[in-house]
Amino acid sequence: QVQLVESGGGLVQPGGSLRLSCAASGFTLDYYAIGWFRQAPGKEREGVSCISSVDRSTYYADSVKGRFSISRDNAKNTVYLQMNSLKPEDTAVYYCAAGSPTLTVQAMCVMSVADLDAWGQGTLVTVSS
């Protein structure tokens, strides 16, 4: 069974940090481009950061640039999202997704759910004092 599982979410104060993990089962992540997306209450899902499987190039949304960092550990079949200097507006459910290795990271991060190969169930991040 092909599955992505996110973990690492939780409650954190503004200015704090969290590291999200996206683990795969049933397939190997290293073939796929991987993206992190988020959906805040009442808002549309948005691409946060994506990483290529071909050259490890990365993309970040302007709202997280300089604060978030995406990385992949193929040996552990896991992709991470390190989130620093968190703000209340970062509060959302965060999802990881796998997409075709032919996608550019810029393209993947603006794609809709239906066009990607696999999604996880999400992990909630709440930034609040």
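Atom set for the values below is all heavy atoms of this structure, side chains included, hydrogens, waters and symmetry mates excluded.
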Cation-pi check, Arg19 onto Tyr80 ring (under 6.0 Å, within 45° of axis): yes
Heavy-atom check, side chain of Met83 versus side chain of Tyr94, under 4.5 Å: yes
Any Ser128 side-chain heavy atom under 4.5 Å of Thr91 side chain: no
Expected output: side-chain Arg67 to main-chain Ser85 donor-acceptor under 3.5 Å: yes
Glu44 CD: over 12 foreign heavy atoms closer than 6.0 Å: no
Side-chain heavy atoms of Thr126 within contact of Val12, under 4.5 Å: no
Donor on one side chain, acceptor on other, Ser17 and Asn84, under 3.5 Å: yes
Close side-chain approach of Arg45 to Tyr95, heavy-atom, < 4.5 Å: yes
Ring center gap for Phe37 and Trp119 short of 6.0 angstrom: yes
Whether Tyr32 side chain and Ser52 backbone form a donor-acceptor pair below 3.5 Å: no
Neighbour count above 12 (heavy atom, 6.0 Å) for Gln121 CD: no
N/O donor-acceptor pair under 3.5 Å between Thr123 side chain and Gly9 backbone: yes
ILVMFWY cluster, Leu20 and Val105 together (side-chain gap under 4.5 Å): no
Asp90 side chain reached by Phe68 side chain, heavy atoms, under 4.5 Å: yes
Thr78 and Arg72, any side-chain heavy atoms less than 4.5 Å apart: no
Hydrophobic cluster membership, Val48 vs Tyr60, 4.5 Å side-chain cutoff: yes
Test item: Glu46 and Arg38 side chains (from C-beta on) under 4.5 Å apart, heavy atoms: yes
Between Thr102 and Ser100, a side-chain donor and acceptor under 3.5 Å: yes
Distance, nearest 0.5 Å, that separates SG of Cys96 from CH2 of Trp36: 4.5 Å
Sidechain-backbone polar pair: Asn77 side chain, Thr28 backbone, donor-acceptor under 3.5 Å: no
Co-membership, hydrophobic cluster, residues Val54 and Leu29, 4.5 Å side-chain: no
Contact check, side chains of Ser49 and Leu81, non-hydrogen atoms, under 4.5 Å: yes
